[in-house]
Amino acid sequence: MKLTTRSRYGTRMLLDIAMNQEDGPVSIKDIAMRQEISLKYLEKLMRVLKKDGYIKSRLGAHGGYVLAKDPKDIPIGDVAYSLEKTAPCYDCDERQNCCPRMHVCLTRTIWEEAAKAMYNKLNTFTLADLIRDTALCPKNQPDSVPPRV
């Protein structure tokens, strides 16, 4: 059970779209530049997030991506699950035969419960919470140490 860059970068990408879509659709190239993430990698994440209904694309000269839902209706755990379900096996799962002992494993229930708890905890946060918390980002804080002269 682990969260990969898919979850971390996908969440950053959704947050970037949410914070920049007020002037129209957001270009994936602009997201890649602002977030310092490979354009090719973002394209893979976009396909998943679009298929799962988190974003919509608009074609044309001023095209790009916008959120398909209100940020308050996008739980972070659901986003992580959407992006991680195609990742290599990270927990015991009937759909992913990751371990030859899966059907006789005495600890499997613990790992399943831990995974559920992780996603449930992540679902206590929404994209709207992250938008509201952007002021807490160290980059947005006034310098606590005066600049050297």
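This one's a predicted model, so the numbers in the text were calculated from it and none came from an experiment.
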Nearest heavy atoms of [X] and [Y], plus distance in Å:
X	Y	answer
Ile131	Ala18	CD1-CB, 3.5 Å
Asn123	Asp78	OD1-N, 2.8 Å
Lys72	Thr126	O-CG2, 3.5 Å
Ser57	Lys50	OG-NZ, 2.7 Å

Quick one: does [X]'s side chain get under 4.5 Å of [Y]'s, heavy atoms only?
X	Y	result
Tyr65	Pro25	no
Leu67	Leu127	yes
Thr4	Arg8	no

Quiz item: Under the 3.5 angstrom rule, does the side chain of Gln21 hit a backbone N or O of Val26 as a donor-acceptor pair?
Solution: no
Quiz item: Ser7 side chain to Leu3 main-chain N or O, any donor-acceptor pair under 3.5 Å?
Solution: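 Such a contact is absent between Ser7 side chain and Leu3 backbone.
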Quiz item: Hey, which of Thr11, Val79, Leu83 is the one that makes side chain to side chain contact (heavy atoms under 4.5 Å, CB included) with Arg6?
Solution: Leu83
Quiz item: Can you pull the side chain to side chain donor-acceptor pair (under 3.5 Å) pairs that have at least one residue in residues 36-45, sequence neighbours excluded?
Solution: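 Output for this query lists Thr5-Tyr41.
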Quiz item: When you look at Ile17 and Met46, which way does the side chain to side chain contact (heavy atoms under 4.5 Å, CB included) test go after all the steps?
Solution: CA-CA 11 Å; Ile17 292 169; Met46 285 285 191; 4.0 Å; yes
Exercise. Give a yes or no on whether Leu45 and Leu39 share a hydrophobic cluster (residues Ile, Leu, Val, Met, Phe, Trp, Tyr; joining criterion: side-chain heavy atoms under 4.5 Å apart).
Key: yes
Self-check item: Met13 reachable from Val66 in the ILVMFWY side-chain graph, under 4.5 Å edges
Solution: no
Quiz item: Tell me the salt bridge (charged side-chain N to carboxylate O under 4.0 Å, His left out) pairs involving residues 51-62, sequence neighbours left out?
Solution: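 The answer is Asp52-Lys85.
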Practice problem: Not counting sequence neighbours, list each pair that qualifies as a salt bridge (charged side-chain N to carboxylate O under 4.0 Å, His left out) and has a residue in residues 13-34. | Solution: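 Listed once each, the pairs are Asp16-Arg34.
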Quiz item: CG/Asp129 to CD1/Ile74 distance, rounded to the nearest 0.5 angstrom?
Solution: 11.5 Å
Quiz item: Can the positive tip of Lys69 be found less than 6.0 Å from the middle of the six-membered ring of Tyr54, inside 45° of the ring normal?
Solution: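 Pair Lys69/Tyr54 counts as cation-pi.
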Practice problem: Could you please spell out the steps behind the side chain to side chain contact (heavy atoms under 4.5 Å, CB included) verdict for Ile37 and Ile31? | Solution: CA-CA 8 Å; Ile37 302 172; Ile31 298 168; over 6 Å; no
